[in-house]
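Fair warning: this is a prediction, and the values are worked out from it, not measured in the lab. Chain A is the first sequence line, chain B the second, and so forth, proteins listed ahead of strands; every chain is numbered from 1.
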Amino acid sequence: MEFFDNLAIGFGVALTPANLGFAFLGAMVGTLIGVLPGIGPIATIAMLLPLTFHLEPLSGLIMLAGIFYGAQYGGSTTAILVNLPGETSSVMTCIDGHQMARQGRAGVALAVAAISSFFAGCISTALIAGFAPPLAKIGQSFGAPEYFSLMLLGLVAAVVLAHGSILKAVAMIVLGLLVGLVGTDGNTGGTRFTFDIRELIDGIDVATLAIGLFGVGEVISNLSRPEEQRSVIAQKITRLWPTGDDFRRSWRAVLRGTALGSILGVLPGGGATLSSFAAYALEKKVSREPSRFGRGAVEGVAAPESANNAGAQTSFIPMLTLGIPGNAVMALMIGALTIHGIQPGPQIMSERPQLFWGMVASMWVGNLMLVIINLPLIGIWVQLLKVPYRFLYLAILLFCAIGVYTVNNSSAAVLLAAFFGVVGFILMKLDCEPAPMILGFVLGPLMEENLRRAMKIASGDPMIFVQRPISLGLLIAAALLLLIVALPAIRGKREEVFQG
Amino acid sequence: MKRLTLMLLSGFALAIGGTAVAQDKYPSKPVKIVVPYAPGGGTDITARIFGDQLKNGLGQQFVVENKPGAFGILAVEEMARSRPDGYTLMIGNVSTNAITPVLFKNKFKIDFEKDVVSVARLNIYPSFLIVTNTNFDVKDVKDLMTQAKTNPGKIRYTSAGIGSFPHFDMEIFARRAGIEMNHIPNKTGAAGMLNDLVVGDAQVAFLNSASSAAMIKAGKLKPLAVVAEQRVPGYPDVPTMAEAGFKGVGTLHWQSMLAPAATPRPVIDTLFKAVVEASKQPALKEAFDKQLVSLKISESPDEAKTWLKGELDAWRKITSEVKIELAE
């Protein structure tokens with residue numbers, strides 16, 4: 001009963017005309033920003049932050065949150081259309097989404113992305129409303145040993161991601177780990193592989209790497225083909241709306257993706273990014289026809305899209321209930337609240353029920369608005385693909401450059417993205433997948449850091465990883481997964497799984 | 001994006017204002033404030049709050065440009081190397097504008113002390129010597145010392161990274177107290193430190209009051225002493241470090257506005273006056289009060305200059321006494 005009372009409070013404030021207006025404004029701006037590759041929600045929210053000084057705290061928060069989801073939505077649009085992940089979390093959407101676009105099914109992919117995101121948004125909003133405090137507890141039980149084991153599981157899962165040779169997948173993960181080493185070592189303050197370039201002291205930003213490998217790499221690869229094969233829509237656009245078959249294939253993927261995303265989103269750090277990788281890997285693992293993945297499988301779009309949206313919603317939990325930001329966007333939200341003298345923390349639900357429940361209700365409102373904004377736009381986005389590639393690629397490169405630049409206002413980052421573009425092209429020529437490399441890049445540094453921390457905490461006793469129950473569970477899961485991949489007895493089956 | 005807007009706006013201002021006006025009266029076009037961090041943190045928020053008020057006072061936009069990286073060196077250099085006309089400023093803090101110039105002097109391509117001038121100190125963030133309540137029970141500073149002495153090297157403390165001021169502060173505290181603790185650095189800063197304490201990866205830290213307030217209220221963290229000149233409002237029972245027997249231990253975390261050294265004096269004076277005016281605005285005061293931050297504007301631009309020199313000297317002394325090894 002309390003659940004409904006709380007939601008009533010929430011909708012009471014979220015549905016006022018002013019707050020509806022701010023939700024719409026945020027969702028609209030976010031979508032537009034997200035569609036411009038690389039220009040992420042952080043730069044946008046930062047620019048609009050002073051505006052919120054003069055607004056009611058809740059209205060400001062609703063608008064900023066709208067930008068966040070909107071950008072996430074928009075990010076998958078470019079991932080599907082031009083193989084350019086607007087956000088790290090849409091890296092996985094590139095793989096099958098862009099293949100669908102190449103087969104003339106861009107509209108279907110966009111619609112599936114929008115619908116799966118909306119569904120995941122509804123479920124995770126309900127989850128937050130019902131279980132925010134226990135979900136926050138999960139986050140609080142994750143210390144260094146638990147993180148290490150989770151990252152290990154993630155890396156093992158990354159091997160499953162590859163649809164070519166397993167050797168190449170492992171090589172790409174290791175390459176990603178190596179690139180992740182660049183920067184300052186947190187435990188000693190020493191710099192690694194920075195070559196005295198000061199822009200590298202803090203390491204390489206994941207947006208720079210992803211935009212380079214995927215976006216710029218794809219452009220070079222397209223330009224290297226004869227002109228008639230370049231166009232993204234090699235095939236005629238067949239239809240815009242998913243078929244019954246598409247829905248039948250994707251509903252389970254959406255459910256699993258939502259569940260994974262909701263849980264992993266609660267974890268600070270790599271949680272939200274990990275969720276889209278994990279959802280994709282899981283779908284491929286349970287699929288009866290894994291060979292379809294990487295060739296335009298609709299599940300390959302539905303799973304990561306629902307996971308990243310669910311993760312984006314639940315990442316509000318540690319921010320609101322603990323005051324601990326899980327990612328850069330949440331740090332900005334805390335900034336916006338502190339200006340109003342609001343300290344997010346365990347008391348926020350009892351002290352400011354209107355703010356908390358209003359925020360939760362507005363998540364659902366924001367998601368609904370995104371569907372309303374985005375479904376009619378699908379037709380327009382798909383038309384964009386008719387622009388001749390000789391014009392389109394220039395626009396793509398320009399936006400890549402702007403996007404990478406705005407992350408840190410750094411021109412060095414633009415040069416780095418260009419470098420990774422060449423790397424991405426070479427990898428494509430060698431049939432190496434960039435996705436495991438990104439995962440290795442994201443997880444590697446977190447894994448190293450938490451391994452060393454855990455060892456320090458335990459005074460060098462490795463038993464800490466099996467003494468903690470959550471850590472032990474994750475390690476067992478990793479071992480099982482490894483067994484499945486490595487056992488010679490099922491090797492024949494694995495080959496079949498990875499034939500792609 | 002922001003720079004683009006700035007360029008467009010300034011181009012527009014020049015076009016309508018003409019160059020004569022631009023030379024006469026400062027400011028005649030938008031002013032850029034470089035911030036050495038990603039958006040959302042304390043220094044960024046300070047820059048935005050002040051920028052918002054300065055816009056009202058001086059009638060021009062103050063646009064924040066976030067330029068994180070290399071311990072603040074990139075931001076400092078961008079500001080110091082820009083044209084010294086008052087249209088590029090920086091808002092930095094004790095880490096980026098006192099510790100970094102001392103600790104990483106050889107990484108700079110400019111001479112920090114010659115090329116940068118402080119316009120005004122703005123404010124001071126108090127921080128707490130704080131402990132977690134997660135599997136840890138310490139009553140006060142004395143109790144912490146006793147427990148650390150019975151278990152040398154077993155108590156873990158977190159900091160914002162090797163060579164950060166919470167690291168120096170804790171090393172100095174441990175040295176004065178005659179105890180030994182285990183350092184678990186967290187390069188993600190205050191947010192990461194807060195998480196370390198709440199999950200129990202670390203048990204002790206020097207953490208700013210704004211970040212820790214909600215967790216203190218929830219009973220997850222316990223402040224033992226405050227790094228400030230006086231006790232802070234809302235925490236009447238928490239002694240200052242001096243009252244707890246550790247006078248001079250702990251960094252007063254300040255933020256200040258800086259400019260290229262060659263900036264003309266009239267421009268600096270205009271800015272200084274505008275900062276003083278801004279600090280009197282109720283909206284600004286309220287925003288800082290709520291974060292327990294005390295406004296401490298320098299008395300004059302000259303005082304700001306001597307004060308920054310004093311800070312640099314103090315950090316030279318600290319870093320030569322407390323040797324923190326930075327692996328190369």
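The residue among B:Gly200, B:Pro68, B:Ala191, B:Gly161 with the most heavy atom pairs within less than 4.5 Å of chain A is B:Pro68. The residue among B:Asn186, B:Leu292, B:Asp44 with the most heavy atom pairs within less than 4.5 Å of chain A is B:Asn186. In terms of heavy-atom pairs under 4.5 Å with chain A, the best-connected choice from B:Ala210, B:Gly51, B:Ala213 is B:Ala210.
By the 4.5 Å heavy-atom criterion applied to side chains, A:Arg453 and B:Asp196 are counted as neighbours. Side-chain contact between B:Met215 and A:Gln347 is absent, with no heavy atoms from C-beta onward closer than 4.5 Å. In this structure, A:Pro346 and B:Lys217 have side chains that are not in contact, with every pair of non-hydrogen atoms separated by 4.5 Å or more.
Under a 3.5 Å cut-off, the side chain of B:Arg156 and the backbone N or O of A:Lys456 do not form any donor-acceptor pair. The main-chain N or O of B:Asn66 is found under 3.5 Å from a side-chain atom of A:Asn409 such that the two form a donor-acceptor pair.
Interface remark: A:Ile45 contributes no atoms to any contact with chain B (heavy atom separation under 4.5 Å). Heavy atoms of A:Thr194 lying under 4.5 Å from chain B are absent altogether. Only the side chain of B:Asn182 comes within less than 4.5 Å of a heavy atom in chain A; its backbone stays farther off. The part of A:Leu49 that comes within reach of chain B is its side chain, from C-beta onward, which places non-hydrogen atoms under 4.5 angstrom from that chain. If you measure heavy-atom distances from B:Ala287 to chain A, the contacts under 4.5 Å come from both the backbone and the side chain. In this structure, no portion of A:Glu146 lies under 4.5 Å from any heavy atom of chain B. Contacts of B:Glu77 with chain A are made by side-chain atoms alone, with heavy-atom separations under 4.5 Å and no backbone atom involved.
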**Message:** Pair A:Asn187, B:His183 - check side chain to side chain donor-acceptor pair (under 3.5 Å), show working.
**Reply:** CA-CA 9 Å; A:Asn187 282 285; B:His183 184 202; over 6 Å; no

